[in-house]
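One structure is given below, encoded as structure tokens.
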Amino acid sequence: MQVIGISSGKGGVGKTTIAVNLATELANQGLGVMLLDGDLGLSNAQLLLGTRVNYTYAHVLSGEKDIEEVVITTSSGVKLVPGSSGSKTLANLSRLQLLGLIHGISTLPDCDVLIVDTAAGITDNVTVLFSACDLRLVVVQNEPSSIADAYAMIKVLKKEYDINELSLLASQVRSEQEAMIIYQRVNQVTMQFLDLDLSYAGSV
């Protein structure tokens, strides 16, 4: 199973929309796709997927449900592991609990790709989940605070987790040229101060 992480330094840049659409497209191609709403305490992927949630990962932690019992198969064919909206407990899981979540999902059958839609920022919920992924996409918008926060996140991932493989995805751009300018601006700084050469993942 390939694990794709999608994250961002700040909210509102289209991260969850990208995660849901990527999951849907891969499912349309015949792959078994699971989407983990990794914004566990403020989840909303179920809204974009047009489905209702009766049980969440909170019920797994409490022992009420096994993880396969909370997985929802949506109309698009994507299987969703839902978080909970407004749960302080889920927003502050320990590193061991987060790694247990990834391990539990990895044991589920018929899953070729797991997409992890993390929360925004640099909390443990984000960095631990993101560091467990094979492919890591950092979503950034052509806006000063988005670029600054993306760099701050990349800096933490590099210095504290020794992650050297990160890809930048430019969101809400008007052209490929605009996207390349964003990428080059961020990559120039990461090369200079972090000795880290980012990959370019494209644009939306």
Side-chain angles (χ1 to χ4, degrees), residues 1-26 33-45 48 83 91 93 95 98-99 101-102 113-204:
M1 178 173 62
Q2 185 177 30
V3 184
I4 302 172
I6 301 177
S7 192
S8 62
K10 69 184 292 289
V13 298
K15 172 180 56 61
T16 299
T17 302
I18 289 169
V20 167
N21 279 279
L22 177 60
T24 301
E25 175 59 26
L26 292 175
V33 182
M34 192 164 296
L35 174 63
L36 167 61
D37 192 339
D39 193 350
L40 295 166
L42 293 169
S43 62
N44 58 12
L48 296 181
L93 295 183
R95 180 181 178 85
L98 290 166
L99 293 176
L101 169 59
I102 293 290
V113 180
L114 169 63
I115 296 177
V116 180
D117 175 28
T118 78
I122 52 175
T123 64
D124 284 347
N125 263 21
V126 177
T127 53
V128 172
L129 287 176
F130 208 48
S131 62
C133 298
D134 303 311
L135 175 63
R136 307 173 187 94
L137 304 178
V138 178
V139 180
V140 63
Q141 199 174 344
N142 193 11
E143 188 265 329
S145 62
S146 175
I147 292 172
D149 289 348
Y151 174 75
M153 179 185 184
I154 292 166
K155 181 178 178 181
V156 169
L157 292 169
K158 166 67 175 176
K159 293 201 168 185
E160 296 188 17
Y161 291 86
D162 196 29
I163 293 176
N164 295 293
E165 295 182 6
L166 292 165
S167 298
L168 205 69
L169 177 63
S171 174
Q172 302 179 46
V173 294
R174 290 163 292 189
S175 66
E176 190 69 19
Q177 182 182 13
E178 181 184 357
M180 283 301 300
I181 290 172
I182 298 171
Y183 164 71
Q184 289 167 356
R185 183 184 305 172
V186 177
N187 195 50
Q188 183 178 9
V189 178
T190 60
M191 286 282 288
Q192 181 177 354
F193 295 104
L194 302 176
D195 192 26
L196 177 61
D197 189 8
L198 302 172
S199 299
Y200 177 62
S203 64
V204 176

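Of all heavy-atom pairs spanning Ser7 and Val126, the tightest one is OG-CG1, 3.4 Å. In plain terms, the two heavy atoms of Thr16 and Ala45 that are nearest each other are CG2-CA, 4.1 Å. Across Ala150 and Val140, no two heavy atoms sit closer than the pair CB-CG2, 4.0 Å. Of all non-hydrogen atoms in Ile147 and Arg185, the two that sit nearest each other are CD1-NH1, 3.4 Å. The minimum heavy-atom distance linking Ile6 with Phe130 is given by the pair N-CE1, 3.8 Å. Closest non-hydrogen pair, Leu169 versus Ala201, comes out as CD1-O, 3.9 Å.
Leu194 has its side chain within reach of Lys159: a pair of non-hydrogen atoms, C-beta onward, lies under 4.5 Å apart. When side chains are defined from C-beta on, Val128 counts as touching Leu99, because their heavy atoms get closer than 4.5 Å. Counting heavy atoms from C-beta outward, Phe193 and Tyr151 have side chains that approach closer than 4.5 Å. Counting heavy atoms from C-beta on, the side chains of Glu143 and Lys10 come closer than 4.5 Å. In this structure, Val186 and Ile154 have side chains that are in contact, with non-hydrogen atoms separated by less than 4.5 Å. Counting only heavy atoms from C-beta outward, the side chains of Asn187 and Leu168 never approach each other to under 4.5 Å. Side chains of Ile122 and Glu160 form no contact here, defined as non-hydrogen atoms less than 4.5 Å apart. Taking 4.5 Å as the limit, every side-chain heavy atom of Arg136 sits out of range of all side-chain heavy atoms of Thr118.
Around NZ of Lys158, the count of heavy atoms belonging to other residues, nucleotides or ligands within 6.0 Å exceeds 12. At most 12 non-hydrogen atoms from other residues, nucleotides or ligands lie less than 6.0 angstrom from CD of Gln188.
One finds the OG1 atom of Thr123 at 9.0 Å from the CE atom of Met153 (value rounded to the nearest 0.5 Å). Note that CD1 of Ile115 is 10.0 Å distant from CG of Leu135, once rounded to the nearest 0.5 Å. Rounding to the nearest 0.5 angstrom, the gap separating the OG atom in Ser131 from the CG atom in Leu157 is 7.5 Å. Note that the CG atom of Leu129 and the CG atom of Leu98 stand 5.0 Å from one another [nearest 0.5 Å]. If you take CD1 on Ile182 and OG on Ser146, they are separated by 8.0 Å, rounding to the nearest 0.5 Å. With rounding to the nearest 0.5 angstrom, the CG atom of Leu198 is 6.5 Å from the CG atom of Leu166.
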So Leu101 and Leu36, side chain to side chain contact (heavy atoms under 4.5 Å, CB included) or not? Walk me through it. CA-CA 10 Å; Leu101 169 59; Leu36 167 61; 4.0 Å; yes
Could you walk me through whether Asn164 and Asp197 pass side chain to side chain contact (heavy atoms under 4.5 Å, CB included), step by step? CA-CA 8 Å; Asn164 295 293; Asp197 189 8; over 6 Å; no
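When atom types are taken as modelled, the side chain of Tyr183 and the backbone of Ser203 share no donor-acceptor pair closer than 3.5 angstrom. Ser171 contributes a side-chain N or O that, together with a main-chain N or O of Val13, makes up a donor-acceptor pair within less than 3.5 Å. Side chain of Asp117 to backbone of Asp37: no donor-acceptor contact under 3.5 angstrom is found. Remark: the backbone N or O of Leu196 is paired with a side-chain donor or acceptor of Thr190 at under 3.5 angstrom.
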